[in-house]
2 protein chains.
Amino acid sequence: MTSKAAVQTASSEEPVSLALHARTRALQVTESVRAALLDGKLPADSRINEVQLARSLSVSRTPIRAALQTLAGEGLLDHQPNRGFVVRAFSMGEIGDAFEMRALSEGLICRLAAERGLSAEQDLAMREALYLGDELLALSPTPPDCRSRYSAINVQFHLALQQAADSRLLADVLRLCNRIPQTLTHNVVGFDLPDIRRRHENHHKIYHAVLLREPKAAETLMRAHIVSLKASLMRVAALASAAKKDDPADETHAQWLL
Amino acid sequence: MTSKAAVQTASSEEPVSLALHARTRALQVTESVRAALLDGKLPADSRINEVQLARSLSVSRTPIRAALQTLAGEGLLDHQPNRGFVVRAFSMGEIGDAFEMRALSEGLICRLAAERGLSAEQDLAMREALYLGDELLALSPTPPDCRSRYSAINVQFHLALQQAADSRLLADVLRLCNRIPQTLTHNVVGFDLPDIRRRHENHHKIYHAVLLREPKAAETLMRAHIVSLKASLMRVAALASAAKKDDPADETHAQWLL
DNA sequence: TTGCCTCAAGGTGCATACACTTTGGCACGA
DNA sequence: TCGTGCCAAAGTGTATGCACCTTGAGGCAA
């Protein structure tokens with residue numbers, strides 16, 4: 001068995017493939033590697049070999065380096081002089097902090113959205129997210145992919161709100177909070193149905209507060225929404241880590257959140 | 001007179017000089033350009049010419065591009081494919097949002113610091129900042145550089161608190177909030193003495209709340225501290241913009257905060 | 001066996017050359 | 001005068017070569 005190698009080299013079996021729709025190769029590489037990082041496909045603390053990555057993507061080292069520099073600036077990678085880029089690791093404590101921060105920033109987003117009002121498209125997107133959620137949760141035999149489908153709806157709801165706040169700074173802050181692998185898209189994984197229903201109800205309440213232009217109420221509701229999300233996730237995480245009780249030192253990383 | 005040129009090229013008279021203490025040239029360039037950006041030495045919306053910058057710093061384009069990629073990742077520059085890097089502009093609205101965000105995140109920092117406690121060095125640093133502030137504000141003929149000196153003290157206080165919170169995520173978020181030129185170091189510029197005294201009193205209260213391990217109180221105090229700072233700054237800004245009432249469309253940029 | 005030194009292989013940092021894109025000016029025609 | 005198309009200059013995107021640093025294996029001595 002391979003025990004935890006403190007520094008292992010990444011990409012044993014090509015988890016990153018080129019995204020072709022971007023204008024330049026550097027941007028293609030940036031998107032591809034960022035997606036791989038956020039999906040947790042590259043193990044934390046592993047070094048990234050530039051030549052290897054360049055070969056596997058069929059480009060030279062130049063766009064590779066450009067992409068890695070950008071991602072290091074975004075905080076997804078760490079750069080060590082003369083040693084290259086390593087995949088940044090996130091501790092459990094940091095994940096908890098990220099939820100606290102996310103509660104505050106998404107709360108601020110709601111406040112600003114309530115102050116500034118919704119555009120027609122934003123209102124439509126939110127109502128659609130609410131409607132789709134209603135429909136999904138009303139299905140009598142709960143579909144097996146219910147959680148992943150609700151995850152998409154959840155993203156749509158929060159995204160519309162974020163656009164309504166119309167603040168690039170807040171978008172950047174939220175990206176920082178969500179850059180921790182697996183915590184964004186798979187939020188809903190591991191929750192039971194009542195949990196999802198409760199959160200969907202929260203969405204309804206938040207939407208109404210924003211629609212009625214009640215900034216304080218919207219902010220408070222959203223904060224509570226995220227904090228309860230954190231609590232649920234921490235509970236699930238505790239269960240998961242209790243299930244695999246070997247190597248308790250692994251708490252420093254969060255790969256098990258998969 | 002040069003009216004506002006929507007796209008002008010930067011560095012008419014070399015505002016950026018190489019920082020030599022870093023290990024690699026790319027890091028030297030990164031630090032230099034970042035400092036120039038945060039000091040507002042490069043006009044917003046101006047394009048950065050790579051060859052020109054390379055010549056003026058006596059390096060090739062490679063480390064220049066590496067630095068610019070990093071800074072773009074940090075959000076200080078924008079990158080447009082095949083057109084290069086542009087100095088990011090911050091609107092007045094965004095500056096206001098940044099203060100709201102800063103209030104929340106520095107509040108969270110205080111809460112975490114109060115929960116986790118101060119190390120010996122952090123406690124020392126904060127007490128020193130408080131003591132130095134007391135001394136400075138007690139001088140009977142107020143020294144002319146009072147504000148800039150208090151600015152340094154202010155930074156020391158907030159930095160110690162940030163280290164006590166011990167969260168890289170929060171440090172990153174704060175960097176986002178403080179990346180707007182001139183709002184970090186020159187916070188105190190333009191305030192009158194009573195304002196500074198009031199803020200110094202706030203520091204005392206915050207320190208005590210953290211010392212007594214009262215997270216909620218510490219958070220609330222810090223939030224109010226930053227929000228009042230925003231109010232003061234906005235008042236000063238309004239006065240400044242009223243003083244130079246020509247070209248009111250200039251509100252989109254914040255160069256006058258100098 | 002243990003510790004240290006050497007050295008070669010691997011990998012990153014930087015400079016440079018060239019291809020491709022953008023841009024602004026100029027000529028031409030309406 | 002104005003719009004249009006072309007073209008050259010300027011500037012960015014990418015590949016590549018080489019210098020330097022890091023790293024780990026092997027030899028040597030204690």
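Side chains are part of it too, since the values below use all heavy atoms of this structure and drop only hydrogens, waters and symmetry mates. In what follows, chains carry the letters A, B, and so on, assigned in the order in which the sequence lines appear, proteins first and then strands, with residues in each chain numbered from 1. These numbers come from a predicted model, not from an experiment.
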Between atom [atom1] in [X] and atom [atom2] in [N], what is the gap in whole Å?
| X | N | atom1 | atom2 | answer |
| --- | --- | --- | --- | --- |
| A:Leu68 | D:dT14 | CG | P | 14 Å |
| A:Ile64 | C:dT12 | CD1 | P | 11 Å |
| B:Gln28 | C:dG13 | CD | C1' | 12 Å |
| B:His79 | D:dG11 | NE2 | C1' | 12 Å |
| B:Phe85 | D:dG11 | CZ | P | 16 Å |
| B:Arg65 | C:dT12 | CZ | P | 19 Å |
| A:Arg83 | C:dG10 | CZ | C1' | 13 Å |
| A:Arg55 | D:dT16 | CZ | P | 13 Å |

### Query
Do B:Arg179 and B:Phe90 come close enough that some side-chain heavy atom pair is under 4.5 Å?
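Yes. Closest side-chain heavy atoms under 4.5 Å.
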Would you call [X] and [Y] a salt bridge, using N to O less than 4.0 angstrom?
| X | Y | answer |
| --- | --- | --- |
| B:Lys230 | B:Glu100 | yes |
| A:Glu94 | A:Arg88 | yes |
| B:Glu50 | B:Arg55 | no |
| A:Arg116 | B:Asp97 | yes |

### Query
In this structure, which one of A:Asp45, A:Ile48, A:Leu76 forms a side chain to side chain contact (heavy atoms under 4.5 Å, CB included) with A:Val87?
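Exactly one candidate clears the test, A:Ile48.
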### Task
Please determine which of B:Arg111, B:His158, B:Met101 meets the side chain to side chain contact (heavy atoms under 4.5 Å, CB included) test together with B:Glu106.
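Single side chain to side chain contact (heavy atoms under 4.5 Å, CB included) partner of B:Glu106 among B:Arg111, B:His158, B:Met101: B:His158.
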### Query
Using a cut-off of 4.0 Å on non-hydrogen atoms, how would the nucleic acid contact of A:Ala26 be classed: base, sugar-phosphate, or nothing?
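Sugar-phosphate only.
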### Message
What's the closest nucleotide to the side chain of B:Thr24 if the choices are C:dC14, D:dT23, D:dG11?
### Response
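Nearest listed nucleotide: C:dC14.
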### Query
What nucleotide among D:dG13, C:dG13, C:dG11 has an atom nearest to a side-chain atom of A:Val51?
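Taking heavy atoms from C-beta onward, the closest nucleotide is C:dG11.
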### Message
Each nucleotide in nucleotides 15-21 of chain C should get exactly one letter: B, S or -. Can you fill that in based on protein heavy atoms under 4.0 Å?
### Response
BB----S
